[in-house]
Amino acid sequence: MSQTTLDRASLAKGASGALQQLGRSMYRIRKLFQTNSSYVKVMFLFGILQTIALAFFTRGFLLSRNVLPDLATCESQSSITNSEFCFHPSPFNKAVVLIIDALRFDFTIPFEDIDESSPDFFYHNNFNVFYESFTKSPENSILLKFIADPPTTTLQRLKGLTTGSLPTFIDAGSNFDGDTITEDNLLSQLFYHNKSVAFAGDDTWTALFSPFLNKSITYPYDSLNVWDLHSVDNGVIEHIFPLLEAGNQSKWDVLIGHFLGVDHCGHRYGPDHFAMKTKLEQLNDVIRDVMDKISDDTLLVVFGDHGMDSTGNHGGESDDEIEAALFMYSKTKHFKRLDAGSYDISEGGKNYRKVNQIDITPTLALLLGIPIPFNNLGSPIAEAFLHDENDYLLAEKITTSQIQNYRLTSSELRNDNDVNSFFNKMNKNSMESHIRYQDMSLKRCKEKWAQFDDLNIWIGIFLLVLSLIVIVAYSKLVPSVVVSQLNHQCFLASIILISVYCVLTASFTIIFKPAGLPLNWALLLGCALGIANGILAPIMDRYSIFWLILQVKENLVQNGWTYTGMFFIFLHSLIFGSNSFIIWEDKIVSFWLTTFGFLALFKSFQKHENHKKFIGAYHSMMFMIFTRLASLITICREEQGDKCISNFKITKWSIVGLYISAILLPIIIKQFFKISYSYEGPAPVWISFGLRTVLFMIAILGTFEFIENDHQINHLIELPLDTIKTLRLTISRAVLGISLMAANVGWNAGPLCIRVELEQHEVETDTTDKNKKVQMKMVKTAKIIGYNNVYGSSYFLFFINILCSVLVVCKPLGGISLFLLVNQILSLLELVDILNIRTNLISSVVLCLLGYQHFFTTGHQATLQSIQWEVGFVFTESIVFPITHLGILLNTLGPFILVCVAVPLLTLWKIPPTNKPVALSSKIAENGMSMLIYQTCLTIATLVTTNNFRRHLMVWKIFAPRFMLNALILFLMNCVLTFVSVGYASYRVVSRWYDVYGSA
């Protein structure tokens, strides 16, 4: 009876303890969820504040131009031509206009001493039809260097070519979302004068000019699939030649064809690829056939809208990117050269005669007998009118009159007294005077339209500086235990103050009507001020400003490591004041990372425990070695000149490196897991099987790309390109589906990287009788293998999933770079543990520096032309939102995504479960905000320096692209840190322990 009673009491006591333990566990989970969600809300507000700041600066800095809606008419020329009809100094009643996208000028002139061993072999001497015709029939044709205004993107160039107006930088951002051109242009003039325009090719034309095209003979093709070299070109060929037949020429007055194969080949393979030779030879034959088929009253115009750099990309303003070719031909003798020295092809045509691309607008308008578009600033191309001096003078007079009429209509230009005075005094019968006036007008317009909205610029800078102050005060000056209590108050205060400030700013705008601040932007300003004040209000209510300042030393600066981190931030911000430092940023970042490795080596030797000295020294050395190896992967900027040799190419050694990485990376990660006995549970499946399988699939993708790029291998294997394409799409889709979807679903529901072992051993039982023998009983205890890294090991599996998603869109050398990045991160995590710098500023700074290093070593620079657009078609054959865009995003900003995902590891790596999960969540959020502090400082620096150097010669080439990159990275970091690192993955790892075991 007594034994039974005791058992029941024990059971009751045990049940009561279990319920209490369960209650404590549920309380901790609920508290963790509340804290975590509060941090997410406040960090989300930070992101909104910084996004608004960037929007204001961008609105004030990226130039735009006021477009006048006026349409030119023939009557406006009547005072000059003494006729109600438009001036028509040529026999041309029709025109065939062919655009060969990215046709660089040097592709069209002959080069000597080019053999098959030279990389120039594939793009020189393969397109000779222009130069042959120009030299054999100088009165029937003309070949000129066609200079594009940067940025050299297709949509922006087409606007300039058809309107004759200057580009603005913001036009480049619309390259993938063209809207119908509203200003006067060549096609609208043709339409209003009852001319039928047929078209085939790049669908950008239908996006811009759809109302003015003859829909029955319009054949658009998808323009952005850079992996497809032939569909657009074959479609143009298929449609233009039937229209050139004698029986069909009455259907059209102007026939436009836009070929994309050369441009796509450049993006896909670069100019030095056998596919470029094939494409140029094909189009060379096409132009010959068109020249044969046109009628005597038809003008043929062929040109490139821009060129391409040595990598096959464009968007910037290097000579190779802006120097395209212009060819004009007719079967009647209509053209006349300037002096022979203007057409010197020596040194690759370095001194060859140039014309601006906007000059084609008045030239075609005059030759076809339609008004010059109202907004035109171009000049007539002399060779098209020199056959008759009187006609050339009349063409110059009409163009000058049109430009002056436009200037007097524009509120931005009408008060330019210098130009107006020159126009009034100039000799109207002197061609030199007209040419000088047109040049002066163009120059002054370029200066005038480089105007910036200072109010919006400084609002943007002020808001971003304010956001930095708020983040520092919130995350560094106030103790984390207090911050977690203030989160809810900060969020509520922000919501209330947003409403208040929106009312105030809206009222201010309505009453005072400040220039540059319309009502919708005033409301955005109110939102930003409300967020900043809402976060600060609960803090200032609890602490005085003087107390916060005193906390800078105590909370912000922990030790010498913090000073080092602040010094790195200061130096990195400082380099944006010099264009020379910006172009060598990749080497500077590598030097700073090596400096950290050296300092970590020095600090490791100061440890008292010998094993920590050895381990710290080992990982410091490995960190420096991997940093050095990564820095050997280079892709050069044009400004670096011969001081940099780019090696970011697909070679057999890069493919071998991919396979070696696929073998070594799982082994290395496995060893790091075994250090903390964490190679348990799902780890073997994830690392030794899943990761290795995905890495080999990615290596196979790289092999296919190598086969496509190498002429000899391609012919040796004789694997059809369609087969390669199908296999590539299948494998890449499988990798994306596994890494981004299936693996993350499995990780979310999967177990921790631990193993529970039950052990039996004997223990003494209590007895009150000293004469009796000691009684023993068997007791079972549980031993948890992997206990000391339970959070970090599980979270690293999630990091592996994201890593595979990024790797699949990387070039082979980019994959090797990310292999080195993982090793650097693992060594950094060990150093963070040994040196006790988990929440120190230096840890987040070094992690962010790793993101920058591998941004460069994965084949990118802070330039538009370094964007690897072709990776958008890794998963699809055509543009599919959002898959295409996701591929480009992962490729371009993948290293930054990875370091943001790795931020929680600074806190979670090699720590046992804690009974204070709220404090753990606070430390993770603090490290995330430390990274935001770093990136915010860099972004502020680029905003200030870019604005300061806005009249600098290199502003649009160096400073503005660097500002845009920093802004994009800051926006990305806010999103990933808030919703992925802090909001989802780290919370899931910490809470999973309590779901399973209840407490530490």
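None of the values given here were measured: they were computed from a predicted structure. Positions are given from 1 along the sequence.
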Say whether [X] and [Y], considering side chains only, have a donor N or O and an acceptor N or O under 3.5 Å apart.
| X | Y | result |
| --- | --- | --- |
| Ser922 | Tyr39 | yes |
| Asn789 | Ser676 | yes |
| Asn927 | Ser843 | no |
| Ser631 | Gln853 | no |
| Thr936 | Gln50 | yes |
| Ser930 | Lys476 | yes |
| Thr839 | Glu926 | no |
| His854 | Ser817 | yes |
| Gln640 | Lys643 | no |

Between Phe614 and Tyr618, what is the ring plane arrangement, given parallel below 30°, perpendicular above 60°, and tilted in between?
->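 Because their plane-to-plane angle is under 30°, the rings of Phe614 and Tyr618 count as parallel.
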[X] to [Y] - nearest heavy-atom pair and separation:
| X | Y | result |
| --- | --- | --- |
| Ser981 | Ser986 | O-OG, 2.6 Å |
| Leu847 | Leu906 | CD2-CD1, 4.1 Å |
| Gln868 | Gly859 | NE2-O, 3.1 Å |
| Gly565 | Val845 | O-CG2, 4.1 Å |
| Leu466 | Ala532 | CD2-CB, 3.4 Å |

Apply the side chain to side chain contact (heavy atoms under 4.5 Å, CB included) test between Leu920 and each candidate in Leu32, Val989, Val990, Thr35; give the one that qualifies.
->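 The passing option is Val990.
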Please determine which of Ile825, Thr594, Val846 meets the side chain to side chain contact (heavy atoms under 4.5 Å, CB included) test together with Phe623.
->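 The side chain to side chain contact (heavy atoms under 4.5 Å, CB included) with Phe623 is passed solely by Val846 among Ile825, Thr594, Val846.
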[Y] and [X], any side-chain heavy atoms less than 4.5 Å apart:
| X | Y | answer |
| --- | --- | --- |
| Leu818 | Cys810 | yes |
| Phe856 | Lys587 | no |
| Asn966 | Leu970 | no |
| Leu821 | Leu850 | yes |
| Leu826 | Ile669 | yes |
| Ile569 | Leu841 | yes |
| Lys613 | Ser604 | no |
| Leu468 | Cys937 | yes |

Do [X] side-chain atoms and [Y] backbone N/O form a donor-acceptor pair below 3.5 Å?
| X | Y | answer |
| --- | --- | --- |
| Ser844 | Asn840 | no |
| Arg962 | Ala862 | no |
| Thr858 | Gly814 | no |
| Thr945 | Phe576 | yes |
| Asn947 | Leu943 | no |

To the nearest 0.5 angstrom, please state how far the CG atom of Leu632 sits from the OG1 atom of Thr627.
->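 Leu632 CG to Thr627 OG1: 11.0 Å, rounded to 0.5 Å.
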Would Thr51 and Asn974 satisfy side-chain contact (heavy atoms from CB on, under 4.5 Å), going step by step from the backbone distance to the final call?
-> CA-CA 9 Å; Thr51 302; Asn974 273 291; 5.8 Å; no
Suppose we call two aromatic rings close when their centres sit under 6.0 Å apart. Are [X] and [Y] close by that rule?
| X | Y | result |
| --- | --- | --- |
| Phe596 | Trp561 | yes |
| Phe626 | His619 | no |
| Phe462 | Phe56 | no |

For Lys607, what residues pass the salt bridge (Lys or Arg N to Asp or Glu O under 4.0 Å) criterion, not counting sequence neighbours?
->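 With neighbours one apart ignored, the set is empty.
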Would you say [atom1] of [X] has more than 12 non-hydrogen atoms from neighbouring residues, nucleotides or ligands within 6.0 angstrom?
| X | atom1 | value |
| --- | --- | --- |
| Lys603 | NZ | no |
| Met622 | CE | yes |
| Phe44 | CZ | no |
| Phe581 | CZ | no |

Name all residues meeting the side-chain contact (heavy atoms from CB on, under 4.5 Å) criterion together with Phe605; count only those two or more places apart in sequence or in a different chain, and write none if there are none.
->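 Phe605 satisfies side-chain contact (heavy atoms from CB on, under 4.5 Å) with Leu601, Ala617 once adjacent residues are dropped.
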Among pairs that include at least one residue of residues 919-947, which meet ring-ring contact (aromatic ring centres under 6.0 Å, His included), considering only residues two or more places apart or in two chains?
->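 Qualifying pairs, neighbours excluded: His572-Tyr934.
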For His860, the option from Phe855, Phe896, Tyr852 that meets ring-ring contact (aromatic ring centres under 6.0 Å, His included) |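 Testing His860 for a ring-ring contact (aromatic ring centres under 6.0 Å, His included) against Phe855, Phe896, Tyr852 leaves exactly one candidate, Phe855.
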